[in-house]
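Report on the following structure.
Because the structure is predicted, anything quoted here is derived from the model rather than measured. As the structure lists them, so they are numbered: ligands from 1, and atoms in each ligand from 1.
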Amino acid sequence: MTFELLERDGLARLGRLDTPHGPILTPTLLPVVHPDPARQPIAPSEIRRRYGLGAVITSAYITWRSPPLREQAESSGIHALLNFDGPVMTDSGAFQQHAYGHLEVGADAILGFQRRIGSDIVTVLDEFTEPDVDEAAAAKAVETTIGRARAARDLHRGLLAVPVQGGRHADLRNRAAAQASEIGDVLAVGGVVPLFEKYRYPELARALLAARPALAPQLPVHLFGAGHPMVFAFSTLFGVDLFDSSAYLKFARRGDLMFPSGTVALDTLREPFCRCFLCEKMPLPEVAKAPPDERVRRVAEHNLLACAAEVAKVRQAIRDGELWELAERRAAAHPALFAGLRTAIRGLRAFIPTEPETRASFRVIGALSGLRPAAIRFRARVARWKESKGSFRPHPLVPLSPLGLRHSPTETRSGEPIRWEALTGLGPVPVELTELYPVGCFLGPEEFDEGPWRRVPLPADIETGELPVDRDRDWSGAWTERQVASLLEWQYGGEAARTLVAAGLVGDRSPRSGRLRAIRRGPGAPAFVVGVDGVPRPTWPGAELLRSVLPHPQSRIIVQPDAVEFVAAGRSLFSTFVQGGDAGLVPGSSALLVDPDDRLLAVGRLLLAPHEMGRFQRGVAVRVIGHAHSREPQIEESESGPRLGEASAPPDLAPDDS
Ligand code: GUN
Ligand code: ZN
């Protein structure tokens with residue numbers, strides 16, 4: 001197995017697929033190239049050099065069908081025929097069979113041909129299933145395809161792409177995905193070109209959601225026919241790693257320009273609004289008047305560049321944890337794509353197991369932002385939290401500032417707790433949880449409304465003295481205590497939190513911003529450092545404390561004996577050396593790395609979700625960030641500057657001010 005996950009944002013991943021002709025860095029587009037160089041306006045070597053798209057796909061069937069191409073491919077190989085020494089995937093001809101109604105070659109023959117011509121990724125001949133075929137016919141096509149895939153696997157040791165068909169039948173898609181996962185090296189979701197052509201994105205989302213839970217997480221997923229830059233972010237959200245399409249050329253032939261924001265007909269253009277380095281040479285209104293061949297070539301070049309740039313954008317968004325933001329921006333390209341994204345969001349369950357604990361930011365883009373998995377998961381946890389705590393009253397300061405808490409009593413004079421919730425862009429959130437992702441880094445239009453500060457009245461019973469509280473006291477210390485206990489409970493549960501607090505843990509706030517930045521027990525290294533995401537992360541001393549408090553295997557990843565020494569020395573834990581652990585952890589969670597006897601080796605942060613560990617044959621599962629011999633962690637000052645709304649000191653909530 002040759003696929004490695006390097007970075008991720010939820011289901012989306014940056015990966016590396018090794019092939020005999022070098023690695024393919026995913027996600028990426030494999031542009032479809034014609035095997036006859038005379039019919040391919042942009043040479044594969046140029047696609048790589050000039051556009052940075054490192055791998056291509058070509059049709060084995062079209063090569064086979066033409067005697068001169070077939071002969072040349074058989075004698076000198078597909079790479080020589082294409083004059084390209086990077087990775088070449090070949091497709092089997094299922095799409096041509098679908099388009100022409102028949103194929104002059106059988107499954108075994110086209111497989112053998114792909115092997116003989118030296119394809120880096122060989123595709124099984126599938127039975128293309130239209131979205132609207134009935135269940136019986138779709139089931140038969142899946143069966144035929146999987147049968148051929150099993151036969152192919154017996155012959156072919158190299159990379160094998162197994163198509164996942166099933167039409168619009170969710171259970172069939174799921175079963176096809178499960179069966180393909182047992183056979184293939186690349187899982188290729190097919191039968192979706194008609195969905196792309198007719199903008200049936202909600203159905204595409206449903207097909208991907210149905211397949212997703214059964215697709216082996218350690219294998220790259222290919223999506224046949226995804227070739228418009230407006231769908232790359234959308235498709236990648238579901239964990240699609242590879243796209244292939246000839247759309248850049250097909251669109252060019254009919255005079256359509258691709259942009260991530262949608263399609264523009266060349267003939268309607270009067271303004272030279274694309275200034276990409278290709279369009280700059282000849283402004284688009286002139287391209288429209290160029291001779292047909294040149295026109296097609298120039299538009300194809302523009303389209304390919306638009307695709308390449310969007311692939312880079314998607315990759316950067318994954319690194320930055322901003323893929324949902326990008327997908328929401330792209331959904332503005334067409335209401336149908338917006339509908340597709342809305343369908344994706346309804347498939348929440350597919351996203352949750354790999355939804356990261358935290359991201360650097362949460363920015364509102366549009367109507368779907370508040371429905372992202374991160375927001376829904378947070379709100380659901382908050383709802384459970386509130387149920388366990390009793391009633392909350394709205395906090396009078398909007399937006400809340402940690403510095404504004406010193407005048408907010410946490411209890412009545414008789415010691416009854418008073419609980420406050422802040423009115424945030426994600427709804428009312430208990431004040432003690434407001435520094436957590438996604439609400440702590442939430443940036444929405446609310447932050448810009450009505451000036452930086454707004455007051456809602458103090459609750460009447462406090463105002464009138466009916467609820468007797470000490471309004472002269474500085475409540476900051478009480479808030480710090482409550483927040484430390486709450487964050488520990490949020491992370492580890494109520495019982496563990498009580499034990500930890502009883503062990504003498506206290507909070508430490510940034511004097512400038514008022515945000516909690518560390519939790520410590522006495523002087524020296526803190527037990528937890530609180531990041532900008534509001535999450536307390538154990539240091540080595542904190543991990544030792546947690547190990548003694550949390551029941552096995554909570555918050556732990558268990559390291560196989562072979563790797564114990566390496567992990568204890570501070571090396572990252574590789575997927576193949578994971579023995580087990582806490583299935584409730586998610587990517588980005590902090591974890592205690594322990595040996596099989598529960599001795600603490602290191603503290604790490606998960607790259608893989610627990611269910612993915614051991615399945616990837618390559619790469620890191622947990623990044624080690626602290627071990628017995630590491631230097632003391634530095635507390636990061638939580639902000640580089642004041643957050644919006646904190647530019648000036650918050651208005652005082654002292655009695656005379658209310
Ligand atoms: N190209 C576009 N769609 C498909 C498909 O479903 N299967 C194969 N093999 N190739 C395709
Ligand atoms: Zn352009």
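Here Gln165 has side-chain heavy atoms under 4.0 Å from ligand 1, and that is the only part of it that gets that close. Residue Ser92 touches ligand 1 through its side chain alone, judged by heavy-atom distances below 4.0 Å.
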(request) Using the ring-ring contact (aromatic ring centres under 6.0 Å, His included) rule, take Phe251 and His228 through it: C-alpha gap first, then chi angles, then the decisive distance, then the call. (result) CA-CA 9 Å; Phe251 274 55; His228 196 300; 5.6 Å; yes

(request) Please step through side chain to side chain donor-acceptor pair (under 3.5 Å) for the pair Glu130 and His98, ending with a clear verdict. (result) CA-CA 9 Å; Glu130 278 278 351; His98 170 69; 2.9 Å; yes

(request) With ring-ring contact (aromatic ring centres under 6.0 Å, His included) as the test, would you mind laying out the steps for Phe273 and Phe259 before giving the verdict? (result) CA-CA 11 Å; Phe273 67 62; Phe259 294 93; 5.6 Å; yes

(message) Applying side chain to side chain donor-acceptor pair (under 3.5 Å) to Thr90 and Ser119, what does each step give before you reach the verdict?
(response) CA-CA 6 Å; Thr90 48; Ser119 167; 2.7 Å; yes

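Against a heavy-atom cut-off of under 4.0 Å, Val193 is close to the following atoms of ligand 1: 2 (C), 3 (N). Close contacts between ligand 1 and Phe95 involve ligand atoms 1 (N), 2 (C), 3 (N), 11 (C) [criterion: under 4.0 Å to a heavy atom].
Taking the six-membered ring for Trp and the full ring otherwise, Phe234 and Trp324 have centroids separated by 6.0 Å or more. With ring centers used as reference points, Phe243 lies under 6.0 Å from Phe232. Note: His302 and Tyr248 fail the aromatic proximity criterion, with ring centroids not under 6.0 Å apart. Residues Tyr199 and Tyr201 place their aromatic rings such that the two centres sit under 6.0 Å apart.
For atom 10 (N) of ligand 1, the closest heavy atom belonging to the protein is Asp91 OD2, 2.6 Å. Nearest non-hydrogen protein atom to atom 6 (O) of ligand 1 is Gly191 N, 2.8 Å. Scanning the protein for heavy atoms near atom 7 (N) of ligand 1, the closest one is Asp126 OD2, 2.7 Å.
Where the criterion is an N or O separation shorter than 3.5 Å, residue side chain and backbone included, Thr123 fails it with respect to ligand 1.
In this structure, the separation between OG on Ser181 and CG on Asp185 is 11.0 Å, given to the nearest 0.5 Å.
Screening the protein for N, O or S atoms under 2.8 Å from the Zn ion (ligand 2) yields 4; no waters enter the count.
For the pair Arg330 (side chain) and Met230 (backbone), a donor-acceptor distance under 3.5 Å is absent.
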